[in-house]
2 protein chains.
Amino acid sequence: MRGRGRGAWWQDRFENMGARITAPRELVIDILHNTDDHMSASDVYIQAHQINPSIGLTTVYRTLEMLTQLGIVQKFDFGDGKARFELVNNPGGKKHHHHLICLRCKTIVDYSEFLEEELEFVRKTQNKLSKKHNFQITDHAISFYGFCERCR
Amino acid sequence: MRGRGRGAWWQDRFENMGARITAPRELVIDILHNTDDHMSASDVYIQAHQINPSIGLTTVYRTLEMLTQLGIVQKFDFGDGKARFELVNNPGGKKHHHHLICLRCKTIVDYSEFLEEELEFVRKTQNKLSKKHNFQITDHAISFYGFCERCR
DNA sequence: TTAGTAATGAAAATCATTTTCAATAAGATC
DNA sequence: GATCTTATTGAAAATGATTTTCATTACTAA
């Protein structure tokens, strides 16, 4: 689960796919690693471009798509027309969280409390599902929908 | 939870919002009610249009957006560029299910087994979250991601 | 009726995302 | 090292799902 040496957990996934670890890709991961926001592709691009102006928007899109397929990044649709991206955090970790979403104003609350029961529930369900459907499960997402205080 | 008389559960939500129950809206709900597919707006439009050719694509989009905001329909993004819609099913019901998604080929497996533990977990978490964050929670979604047999 | 408002459809506009394509960089092979 | 092969990249153009505009129609309430 932890990085080994200076290598990070995600580098294994790159190797398995024969994908190269390039400057743009590292930068995208780095940016996602250092934020708690739900960033859109364009948000990532703006930051990346400030650090390294040679990076193009297309590459950001391609990198995010690739990272999503590798299970390194999770892609969300909160209903505002742009996809949002987050680095995957392992279930026990500090940054692991889920979303509580207001259907009207689309406010997103990240919650990381109350995860004790989730851990057990997810573990069991994941085991059963992966056996039954022959999946190698790498991640999960849980979202609650409703109306926030102001939108009731 | 059940419809009362010929009224259906979702009609209450319409009334609360002062929204009219019109032919196009009923038709969209009806179509979603009678499928197990994950339909895109355009899928819904094609069916709707066959039944009632006067219905426009715009209305289908507007209706799906509205139903999503009312918590009657759930909107999903499975990563193929089109939003997918499903009628919300209450957690105890037969059609309640969640998704297992292959990150590579984007196959979606609907699963409705192994929901016993979910019921309890969701109930508790929902209670705690709604108190702490002052939300009226109406629904939830759980997704597992990974690689299917063919894509490992 | 009649006024006021919500809902609708067609066409046009928007805009996030993809595709194309030529250029570059990296790895493998000799 | 030189060369071949393939992956990666960026800019510009294309795509296509979704939204907006706007004139029309259908309700609802008075």
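Letters A, B, ... mirror the listed sequences (proteins, then strands); counts begin at 1.
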Worksheet entry | Given D/dT9, D/dT18, D/dT21, the nucleotide with the shortest approach to the side chain of B/Arg62 | D/dT21
Discussion item. In this structure, how many angstroms lie between the P atom of D/dT18 and the CG atom of B/Asp43, rounded?
Written reply: 10 Å
Item to complete: Could you check B/Lys124, B/Glu120, B/Glu117 and say which one makes a side chain to side chain contact (heavy atoms under 4.5 Å, CB included) with A/Glu117?
Response: B/Lys124
Worksheet entry | Axis deviation across the helix from C/dT1-D/dA30 to C/dC30-D/dG1, five-pair ends, to the nearest 10° | 40°
Worksheet item: What is the nucleic acid contact for B/Ser54, judged by heavy atoms within less than 4.0 Å: base, sugar-phosphate only, or nothing?
Response: sugar-phosphate
Worksheet item: Side-chain heavy atoms under 4.5 angstrom apart, residues restricted to Ile, Leu, Val, Met, Phe, Trp, Tyr: same cluster for B/Ile137 and A/Ile142?
Response: yes
Worksheet item: Relative to each other, are the rings of A/Phe78 and A/His38 parallel, tilted or perpendicular (30° and 60° limits)?
Response: perpendicular
Practice prompt. Using distance alone, with no hydrogens and no angle criterion, decide if A/Glu118 and A/His98 have a side-chain donor and acceptor under 3.5 Å apart.
Written response: yes
Fill in: Derivation and outcome, salt bridge (Lys or Arg N to Asp or Glu O under 4.0 Å), residues A/Arg104 and B/Glu65
CA-CA 10 Å; A/Arg104 186 164 312 151; B/Glu65 165 67 15; over 6 Å; no
Item to complete: Answer with base, sugar-phosphate or nothing: what part of the nucleic acid does A/Thr22 contact at a heavy-atom distance below 4.0 Å?
Response: sugar-phosphate
Discussion item. Rounded to the nearest 0.5 Å, what separates atom CD in A/Gln69 from atom CZ in B/Phe147?
Written reply: 8.0 Å
Worksheet, complete the sentence: Footprint ends on DNA chain C, 5' to 3', for atoms under 4.0 angstrom from a heavy atom of chain B, come out as C/dT5 to C/dA11
Worksheet entry | Which residue lies more 5' along DNA chain C, comparing B/Thr63 with B/Gly79 via nearest heavy atoms | B/Thr63
Practice prompt. To the nearest Å, give me how far apart CG (B/Asp80) and P (D/dT15) are.
Written response: 19 Å
Worksheet, complete the sentence: By nearest-heavy-atom nucleotide on DNA chain C, the more 5' of A/Ser42 and B/Met66 is B/Met66
Practice prompt. Indicate whether any N or O donor in one side chain lies under 3.5 Å from an N or O acceptor in the other, for B/Asn90 and B/His96.
Written response: no
Discussion item. Between A/Glu113 and A/His97, does the side-chain hydrogen bond (donor to acceptor under 3.5 Å, both in side chains) criterion hold? Intermediate values first, please.
Written reply: CA-CA 8 Å; A/Glu113 321 91 79; A/His97 68 274; over 6 Å; no
Practice prompt. Write down the distance between OH (A/Tyr61) and C1' (D/dG16), rounded to a whole number of angstrom.
Written response: 14 Å
Worksheet item: Are B/Asp43 and B/Lys82 close enough for a salt bridge, meaning some N to O gap below 4.0 Å?
Response: no
Discussion item. What is the separation between atom CZ on B/Phe85 and atom P on D/dA17, rounded to the nearest whole Å?
Written reply: 13 Å
Worksheet, complete the sentence: In B/S/- notation (B base, S sugar-phosphate only, - none; protein heavy atoms under 4.0 Å), nucleotides 25-30 of chain D written 5' to 3' is --BS--
Discussion item. Without decimals, in angstroms, what is the distance between A/Arg25 CZ and D/dG10 P?
Written reply: 11 Å
Worksheet item: Distance only, no hydrogens: is a donor on one side chain within 3.5 Å (strictly under) of an acceptor on the other, for A/Glu86 and A/His99?
Response: yes
Practice prompt. Please name the residue in the list B/Asp36, B/Leu87, B/Asp110, B/Val88 that meets the side chain to side chain contact (heavy atoms under 4.5 Å, CB included) test with B/Lys95.
Written response: B/Asp36
